[in-house]
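Structure record follows, encoded as structure tokens.
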There are 2 protein chains.
Amino acid sequence: MLETIISQGLKATGRRMTRTRKAVLSLLERTHEPLSASEIFAQLQEDQVTIDLVTVYRTVNVLKDLGLVAQLDLHHEGQSRYELKEGRKHHHHIRCQVCGKIVDLLLCPLKKLTKLIEERTKFVVGDHILEFTGFCPQCQ
Amino acid sequence: MLETIISQGLKATGRRMTRTRKAVLSLLERTHEPLSASEIFAQLQEDQVTIDLVTVYRTVNVLKDLGLVAQLDLHHEGQSRYELKEGRKHHHHIRCQVCGKIVDLLLCPLKKLTKLIEERTKFVVGDHILEFTGFCPQCQ
DNA sequence: ACCATTATTGCAAGTCTCTTGCAAGTAATA
DNA sequence: TATTACTTGCAAGAGACTTGCAATAATGGT
């Protein structure tokens, strides 16, 4: 179970599994869109979980440090979104610029490109962001 | 000359060419890295141009509305950068995560991918962001 | 060249996302 | 159950960006 796996990661870095971390994890686990900190906060409020927005930020940052959560910066959104990486391949997203719906793109076309970039620029390529916007079927 | 071209775009939308717009344009024209609003502000201060940071934001937004400037959201930078589009092909960037240096990548591998995404998701794909981070030759 | 019109600017203040300091609360270990 | 030190919540702060409004300045007509 996810909570057990993550408990170990926390312990290994001198951290603890807490009520609030469980709540954030369980929300991310059952949600199928990447969530912003304020959305996590609002949803947990609705679920009667007592948590501060600051704690949400601290929690997603811990999970990111552990490599368990990906932080996404979508196109001009002005806020980050978070999704569980556990058991999922690296992938990208498309977001509807009308209704905000986000859909996973289960592909990444950049492996070959990375080599080409390293040759041309002499950079060592680390990470990349690739995010699309457009109009979803309902909003066209 | 760029200023003439842009004057026409401004006029066509009921706007005016002003001292501050000229200053921002001329800075973007002679700078070869995408600049953030605060960098534009700081550089113009140094150049003895009197301008407010608010005006910088308003100016880059006007230029963006006219389609003359691209707004870039680089990886987890927490601020946007702006560069002139005039006379340049669509392209992407790589940014050194140590020194912040930004280099243009004069390519975009996403034309074919766009079609594939439209088929799979039924979205109409609009724009995309693709930005790399890594280590530049000096910082490796 | 001057005036009237109206876009633009600068300043102050506000919004939003995210971070930090610190005292109080709580998980982990003996 | 007591000790230790990690976590939390609250208040306050930082940074990017926006908005309201009166003063300023660019345009177009005379």
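Proteins get letters first, then strands, A, B, ... in listed order; numbering begins at 1 in each.
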query = Picking from C/dT20, C/dG10, C/dC18, which would you name as closest to the side chain of B/Thr55?
reply = C/dG10
request  = Grab the CG-P distance between B/Leu44 and C/dT9 for me, whole Å please.
outcome  = 12 Å
query = Taking N and O atoms by type only, does the side chain of A/Arg58 place a donor or acceptor under 3.5 Å from a partner on the base of D/dG9?
reply = yes
ask   = Do the charged groups of A/Glu39 and A/Arg81 touch, with an N to O distance under 4.0 Å?
value = yes
ask   = Could you give the CD1-to-P distance, from B/Ile51 to D/dT24, as a whole number of Å?
value = 18 Å
note = Result for 5'-nearest mapping on DNA chain C, choosing between A/Ser36 and B/Asp52, is B/Asp52
note = In whole angstroms, the gap separating P of D/dC17 from CG of B/Leu72 amounts to 12 Å
query = Between D/dA16 atom P and B/Leu53 atom CG, what is the distance in whole Å?
reply = 9 Å
inquiry  = I'd like to know if the side chain of A/Arg120 and the backbone of B/Leu105 have a donor-acceptor N/O pair within less than 3.5 Å.
reply    = no
key: Position toward the 5' end of DNA chain D (nearest nucleotide), B/Arg81 or B/Arg16   = B/Arg81
key: Nucleotide of C/dG10, C/dC18, D/dT18 approaching A/Tyr57 most closely (side-chain heavy atoms)   = C/dC18
remark   = In whole angstroms, the gap separating C1' of C/dC18 from CD of A/Glu39 amounts to 15 Å
task = Please name the residue in the list B/Glu29, B/Lys22, B/Arg30 that meets the side-chain hydrogen bond (donor to acceptor under 3.5 Å, both in side chains) test with B/Ser26.
result = B/Arg30
query = How long is the line joining NZ of B/Lys22 and P of C/dT8, in whole Å?
reply = 14 Å
Given DNA chain D, 5'-ward residue of the pair A/Thr50 and B/Ala37, judged by closest heavy atom = A/Thr50
message = Can you measure A/Met17 atom CE to D/dT8 atom P for me and round it to whole angstrom units?
response = 11 Å
query = Over how many whole Å does the gap from A/Gln79 atom CD to D/dA16 atom P extend?
reply = 17 Å
request  = May I ask you to decide if the ring planes of A/His128 and A/His90 are parallel, tilted or perpendicular, using 30° and 60° as cut-offs?
outcome  = perpendicular
